[in-house]
Amino acid sequence: MGALTIRKVETKRDLTRFINFNTELYKDSPYAVPYLFQDVWNTFDRKKNAAFDFCECDWFLAERDGKLVGCVCAIINHRANERWNVRNVRFGWFDMIDDEEVANALIRTVEQWGKERGMTHITGPLGITDMDPEGMLVEGYEELGTMATIYNFPYYVDHMVRLGFKKETDWLERLVTVPTKENPARSEKFFRIAEIVGKRFNLRALHFKNTKQIIDEGWGLKVFHLVNRAYDSLFGFSQMTDRQCEQYVNQYIPFIDVRSIALIVNDKNELVAMGAGMPSLSHALQKGRGKLFPFGWWHLFKTLYLKQYPDTIDLLLIAVAPEYQGKGVNALIFADLIQRIGSMGFKYAEVHPVLEDNNKCGDQWDYVETRVYKRRRCWIKKIDD
């Protein structure tokens, strides 16, 4: 067996190999969902991605006998570090074969990279920002992954423990059964709460003809400004800049079916809560192996434009203004969404990872049929002197 080498990504060919490694590593797994190649490529583009206004990162490849055996991204999010008064280097897009030498070398490379820049701790897996996939899967290996989350084999956890990492926080993922007339699943109480809360605080749901109307009337930017306020106190979050908000509006909102976005406003027409989902693209990405060409585009096109939806919708973003949190406003979001996504034919809704100690968000599912079926973890370790 030849020597292991670690080298920094320097060329477009290197970056292509980096992104493709995940697809190759998990090609035989029925549960892993490949990255959408172009999406990750744009995320790593220092000019296109507004996060690079305040973040820095490098990518590294692990090779043995000319074969790629692992990769990792080393990241410093300076806004997050300033917000939380820490000096953390993040590791992200971390993939490897089951090999101690490979795991050791990749993590130590990130540690050294961070140490040279004054960092004291290594944490992850995290993205460049919170809008990127984060959290290592520690439970739910035999459940289908999603486009917006990380899938990894169980052996990753063994290597993290062996390397001295400790749990920093966990996220939980829930699968919700969408109520129907035939299977109301306790939802009657849910709708009653929504009605009471709406009247008490003079709140109502907005409905739109298309996503162009959402963007043109400025609601897209208001959504991400609301996320800034709602998520400000959550683990590791850093406020999005205006340039980031504009980027995400253009990147995501045009692809959302207008029926799967709920915007809640008060009597002053101010946005106080929102929820947004997309049909699961998991099977479409698996069929195209994360590529648009030669045939991957067709599977995505059928889902997003021909509306040949699977039975699951991914609830990607949920936010409530701080002054309305804990007052039942979440019920208004889901009372509005549930009826419409049910009419679209969805049977299940996968809820984006929620911090395990975020009880305000977790308790909202008490009135529908749901189960926690995945757990993912952020690890942390002090960088050795």
Side-chain angles (χ1 to χ4, degrees), residues 43 49-57 73-94 114 119-136 146 148-150 167-174 220-249 251-253 271-277 314-326 329-330 333 351-364 374-380:
T43 298
N49 190 347
F52 283 105
D53 292 347
F54 54 89
C55 295
E56 57 181 302
C57 73
C73 181
I75 306 158
I76 298 176
N77 182 321
H78 293 287
R79 282 175 70 92
N81 280 357
E82 290 169 8
R83 166 69 176 83
W84 299 99
N85 192 29
V86 295
R87 287 186 288 164
N88 290 345
V89 57
R90 301 176 171 195
F91 67 92
W93 289 274
F94 176 51
M119 301 299 106
T120 60
H121 290 77
I122 177 173
T123 182
L126 293 170
I128 300 172
T129 72
D130 301 275
M131 298 300 287
D132 300 318
E134 54 190 8
M136 182 177 291
T146 71
T149 58
I150 295 169
K167 170 185 170 181
E168 186 170 18
T169 194
D170 276 7
W171 293 268
L172 305 178
E173 288 179 61
R174 292 173 171 83
L221 283 175
K222 290 177 183 178
V223 162
F224 289 100
H225 291 157
L226 175 63
V227 170
N228 268 344
R229 296 181 59 215
Y231 287 21
D232 186 58
S233 62
L234 297 182
F235 166 80
F237 184 76
S238 62
Q239 292 271 324
M240 291 176 283
T241 65
D242 286 343
R243 197 161 86 89
Q244 277 182 285
C245 292
E246 291 174 1
Q247 174 186 317
Y248 293 138
V249 167
Q251 185 174 347
Y252 296 117
I253 289 185
L271 185 65
V272 301
M274 61 77 57
D314 293 340
L315 296 181
L316 300 174
L317 205 57
I318 300 166
V320 177
E323 63 270 26
Y324 286 91
Q325 291 176 8
V329 176
N330 298 75
I333 300 173
V351 183
H352 198 62
V354 174
L355 289 164
E356 64 177 346
D357 58 356
N358 188 349
N359 295 323
K360 290 179 181 178
C361 194
D363 292 347
Q364 68 193 354
K374 295 177 192 170
R375 177 184 290 268
R376 51 188 68 250
R377 180 161 299 165
C378 180
W379 305 87
I380 191 167

With sequence neighbours excluded, what pairs up with Thr149 under the side chain to side chain donor-acceptor pair (under 3.5 Å) test? Thr146

Check side-chain contact (heavy atoms from CB on, under 4.5 Å) between Ala319 and all other residues, then give those that pass, not counting sequence neighbours. Leu226, Val227, Ala230, Tyr231, Met274

Evaluate Val89 against Phe91 for side chain to side chain contact (heavy atoms under 4.5 Å, CB included), listing each step before the verdict. CA-CA 7 Å; Val89 57; Phe91 67 92; over 6 Å; no

Partners passing salt bridge (charged side-chain N to carboxylate O under 4.0 Å, His left out) against Glu82 (at least two apart in sequence or in another chain): none

Please round to the nearest 0.5 Å and tell me the distance separating atom CG of Leu315 and atom CZ of Arg174. 12.5 Å

At their closest point, which heavy atom of Ile76 faces which heavy atom of Met119, and how far apart are they? CD1-CG, 3.8 Å

Using the salt bridge (charged side-chain N to carboxylate O under 4.0 Å, His left out) criterion, which residues pair with Asp242? Sequence neighbours excluded. none

Between Gln244 and Ala51, is there a donor-acceptor pair closer than 3.5 Å when you use the side chain of the first and the backbone of the second? no

By side chain to side chain donor-acceptor pair (under 3.5 Å), which residues pair with His78, not counting sequence neighbours? Glu56

Do Pro125 and Trp379 have side chains that get closer than 4.5 Å, going by heavy atoms? yes

When rounded to the nearest 0.5 angstrom, what distance separates CD1 in Ile318 from CG in Asn330? 7.5 Å

Tightest non-hydrogen contact, residues Leu317 and Phe224, listed as CD2-CE2, 4.1 Å

Residue list, side chain to side chain donor-acceptor pair (under 3.5 Å) with Thr123, at least two apart or on another chain: Glu168

Which heavy atom of Arg376 sits nearest to which heavy atom of Gly135, and what is that distance? NH1-O, 2.9 Å

In chain order, what residues pass the side-chain contact (heavy atoms from CB on, under 4.5 Å) check against Thr120, with sequence neighbours excluded? Arg87

Under 4.5 Å between any side-chain heavy atoms of Val86 and His121, yes or no? no

Might you point out which heavy atoms bring Arg90 and Gly127 nearest each other, and give the distance in Å? NH1-O, 2.8 Å

Any salt bridge (charged side-chain N to carboxylate O under 4.0 Å, His left out) involving residues 227-239? Give me the pairs, sequence neighbours left out, ordered by first then second residue. Arg83-Asp232, Arg229-Glu323

With a 4.5 Å cut-off on side-chain heavy atoms, are Ile150 and Phe94 touching? no

Applying side-chain contact (heavy atoms from CB on, under 4.5 Å), can you list everything that pairs with Gln247, at least two apart in sequence or on another chain? Asn49, Ala50, Gln251

For Asn88, does its backbone N or O pair with a side-chain atom of Asn81 as donor and acceptor, under 3.5 Å? yes

The criterion is salt bridge (charged side-chain N to carboxylate O under 4.0 Å, His left out); which residues satisfy it with Glu134, sequence neighbours excluded? none

What's the separation between atom SG in Cys378 and atom CE in Met136, rounded to the nearest 0.5 Å? 9.5 Å

Residues that Arg79 engages under salt bridge (charged side-chain N to carboxylate O under 4.0 Å, His left out), provided they are two or more places apart: none

Please identify each residue that fulfils side chain to side chain donor-acceptor pair (under 3.5 Å) with Asp130, with sequence neighbours left out. none

Of all the heavy-atom pairs spanning Trp84 and Ser233, show the shortest one and how long it is. CH2-O, 3.5 Å

Report the C-alpha separation of Asp132 and Trp93 in whole Å, then their side-chain angles, then the decisive distance to 0.1 Å, and conclude whether the side chain to side chain contact (heavy atoms under 4.5 Å, CB included) test is met. CA-CA 10 Å; Asp132 300 318; Trp93 289 274; 3.8 Å; yes

Could you go step by step and tell me if Phe237 and Asn228 meet the side chain to side chain contact (heavy atoms under 4.5 Å, CB included) rule? CA-CA 9 Å; Phe237 184 76; Asn228 268 344; 3.6 Å; yes

From His352 atom NE2 to Glu173 atom CD, the distance as rounded to the nearest 0.5 Å: 8.0 Å

Close side-chain approach of Tyr248 to Val223, heavy-atom, < 4.5 Å: no

Do Arg377 and Asp170 have side chains that approach each other closer than 4.5 Å (heavy atoms only, starting at C-beta)? yes

Looking only at heavy atoms, which two atoms of Leu126 and Ile75 are closest? And how far apart? O-CD1, 3.7 Å

Interatomic distance, CH2@Trp171 vs CD@Glu356, rounded to 0.5 Å, equals 10.0 Å

